[in-house]
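Inspection log for the structure reproduced underneath, given as structure tokens.
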Amino acid sequence: MTFFLDLQNWSEERSTFAVFSDNKSYKYNELAADAGQIIRWWTAHPLPNEAVVAIDAGEPRAFTAWMVAALRSGYTVMPLDPAAPAARMRRLIAASGAHQVICAPQMRDAWRCEGVEMIAMPAPSAGKPRGLSKFLARKKKTEEEASGEADVLAQFPKALPELGGWPAVPGMDQIALLLYTSGSSGEPKGVQLTFGNLKAHLDTLAKVYGLTARSRLLNNLALHHADGLNQGPLLAMHVGGTWLRPLNKMGIASAEDFLASPFQLRASHVFMVPFFMQLVKGLTHWHKSAFDHSEFEMIISVSAELPAALWQEMEQLFGVRVVNVYGLTETVAGSLFAGPEDATRIPGTVGVPMDCEAQIVSGELWLRGPHISPGYRGAHAGPWTDDGWLMTGDLARRDSASGCYIIEGRIKNACNISGYLVRPEEVTEVLLSMPGLDDAVCFGRSDAHVEERLVAAVVTAPDHPWHDKQLADLHQAIVDVLRGEVEEYKIPVAFQVWPELPRGDSGKVQIPAARSLWAAQIVEASADNSTTAAMDIPETVLACAREVFRSTTVDLRSDSTKTVGWDSMAHLDLIQRVEAKFNISFSVSETMRANAISTLVAITESKVRKG
């Protein structure tokens, strides 16, 4: 298979590369023209070879053009999440050693780092998309020019030399992507993926999924995330197929639109995370029609553990094949595949390795192959052996009958939250930096009715005002600080105040003991409240909401448009908690309608009355 950034051939190719939320097609020759315009500017203003270029991943068309131009110029692309706290983005930009940041104009000041050139990405036009060349040729004086800071894009028309041919194809050992994951210490870890890693694994994905230039890949996952980027635009480019990204934002409210998309856009492969499968399986009126067209081939589950029961329900309800993929950021996207063949499509497993080796050492899954990252950026030690094995940190066993692997847990204190691998130590580091806390530990705890969540135990400083706060007020004070430092999904949903943390002889916090102490306090609290069996419905719903949204200010007037943290994952979490509290069940339409606390209370009261 040819190199996946074949701009020379793309320049003559009028087939569709992508379809975005405005239902407008973005053709390969348009992408080549847009990328070529940017390459011309970099030709006139070159960066050092393998320079890191950090690119705002918020607007998919613009991001893709800048990414393609950067990769083909031999630079390393680092996608940036525009929804993440600005403080975290500045830390990542600084840690990466980025030479340039390409971002939306409104993010330029928020992400500004000393010594890093900030370039305003042209905003997407309204209506029919235009080539980037029209943006690059704009001559209007900007606020930055008025203040003496040149608008780099306005210089393009004066500085563009003609391309004497496309840049040489980068070497396979060069670093193509830099993707940051949660660090286990205060410093984040940047996973480096070479062009060779990408080429090898995109070949594997194309083979496993049976992709051709006729394939249409519906992938609406985040572009700063490995599965959204590598199994979205890059995989489509690699096979000359079409990338479908029909929604501006995935969420509860867009579930119907999402299920309408495979049929409307004639998707052949649909990428989903288990959380979203859990949501859409309840849309019963779509069971027969969502994937009922001749081009459709499979749903591909990525990013998180796929429970066997959910897997079977999806196949039975929608009448489709579901393929389960296991991988890490360090493996580009996948490594083990359960399906699409019946022999390996076994619910509860992650299938078998493809184009790589797997072994179990002392219960831990190890992987080796041409797609494995060469290491983290900087001085971070990584989980690699001298002979190239990646120690995944996942406990696994191999079923002797089928040959499929089964993941049984994590060796270390790590959690999968909303499809992201989160190392709670990162949150602990932030907690320990707070003057009001003498000690703290964050860890994952599985709930009876929802997936794993982060919780934290803290020891308050006796001489600090936090020491005398009520738990709810303390919770809110801590969350207010965390919101400026970490992503929303990394904020613990609950806190307990302890006199001290359980530590071993080495001084390390004993996580198993901490989990036991946490559970014991919950049991004790439940016993104390046993006389309130006839629960006050509004207050109970409010208590659930305040825990889920990590806020004590939630009241009966709160709704999803004004409450910080009320995203799709939190919404489903809230519904499931209320269902568990009152032993009731919400329909999908009720789940989607309950976008205000008052509405949720009314639905709950109605269901409780009906028994």
Side-chain angles (χ1 to χ4, degrees), residues 83-88 415 417-418 422 424 426-445 447 450 452-499 501 514 517-518 521-522 525-526 528-529 536 538-578 581 595-598 600-601:
R88 175 169 170 78
C415 314
I417 307 293
S418 304
V422 175
E426 179 187 4
V427 182
T428 298
E429 289 285 339
V430 179
L431 293 173
L432 290 174
S433 71
M434 299 181 187
L437 302 180
D438 273 353
D439 207 354
V441 64
C442 179
F443 53 91
R445 182 175 183 274
D447 202 287
V450 293
E452 193 170 23
R453 291 290 187 267
L454 294 181
V455 297
V458 300
V459 179
T460 56
D463 56 349
H464 193 277
W466 282 5
H467 186 66
D468 298 320
K469 282 184 177 289
Q470 296 293 318
L471 180 58
D473 295 334
L474 175 62
H475 182 158
Q476 189 63 54
I478 294 174
V479 166
D480 288 344
V481 176
L482 285 172
R483 281 206 165 106
E485 299 292 332
V486 301
E487 291 86 342
E488 190 71 25
Y489 60 84
K490 294 179 182 176
I491 297 176
V493 300
F495 292 84
Q496 289 183 3
V497 179
W498 295 353
L501 301 184
L517 282 172
W518 186 281
Q521 289 207 20
I522 289 178
S526 298
D528 290 343
N529 295 329
D536 181 299
E539 284 303 316
T540 303
V541 170
L542 279 172
C544 291
R546 287 166 181 163
E547 179 173 302
V548 169
F549 304 136
R550 307 159 176 97
S551 173
T552 58
T553 61
V554 174
D555 58 29
L556 293 174
R557 297 166 296 178
S558 300
D559 61 32
S560 61
T561 65
K562 301 174 183 177
T563 304
V564 177
W566 195 328
D567 57 17
S568 298
M569 192 70 188
H571 183 87
L572 192 58
D573 186 357
L574 173 59
I575 297 298
Q576 291 174 326
R577 287 175 185 272
V578 172
K581 284 286 187 183
N595 58 359
I597 297 298
S598 58
L600 179 56
V601 168

Point to revise | S433 side chain to V430 backbone, donor-acceptor under 3.5 Å | key: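 Judged by distance alone, yes, a pair lies under 3.5 Å.
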
Any idea which heavy atoms bring [X] and [Y] closest together, and the distance?
X	Y	value
A570	V548	O-CG1, 3.3 Å
L432	A440	CD2-N, 3.5 Å
P85	G484	CB-O, 3.9 Å

Exercise for review: Check whether the side chains of S551 and Q476 place a donor and an acceptor atom closer than 3.5 Å, and report yes or no.
Suggested key: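 There is such a pair (donor and acceptor under 3.5 Å, judged by atom type) between the side chains of S551 and Q476.
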
Reported [atom1]-to-[atom2] distance for the pair [X] and [Y], which is rounded to 0.5 angstrom:
X	Y	atom1	atom2	answer
L574	R546	CG	CZ	12.5 Å
S560	L600	OG	CG	11.5 Å
L482	L431	CG	CG	5.0 Å
Q496	W518	CD	CH2	4.0 Å
W498	D439	CH2	CG	10.5 Å

Could you tell me if the side chain of [Y] sits less than 4.5 Å from the side chain of [X], heavy atoms only?
X	Y	answer
K581	C544	yes
V541	L556	no
L542	S558	no
I478	L437	yes
D555	I597	no
L454	V422	yes

Practice item. Classify the angle between the aromatic ring planes of F495 and H475 as parallel (below 30°), tilted (30 to 60°) or perpendicular (above 60°). Key: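 Perpendicular, since the angle between the ring planes exceeds 60°.
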
Check your understanding: Salt bridge or not for R88 and E426, using N-O below 4.0 Å?
Key ->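 Here R88 pairs with E426 in a salt bridge, since their nearest N and O are under 4.0 Å apart.
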
Exercise for review: Name all pairs fulfilling the salt bridge (Lys or Arg N to Asp or Glu O under 4.0 Å) condition that reach into residues 471-484, sequence neighbours left out, sorted by first residue then second.
Suggested key: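 Qualifying pairs: R483-E488.
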
Contacts table for residues 456-471: side-chain donor-acceptor under 3.5 angstrom, sequence neighbours left out:
unit_1, atom_1, unit_2, atom_2, d
T460, OG1, H467, ND1, 2.8
H464, ND1, W466, N, 3.1

Check your understanding: Of all residues at least two apart in sequence or in a different chain, which pass the salt bridge (Lys or Arg N to Asp or Glu O under 4.0 Å) check with E485?
Key ->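 Only R91 meet the salt bridge (Lys or Arg N to Asp or Glu O under 4.0 Å) criterion with E485.
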
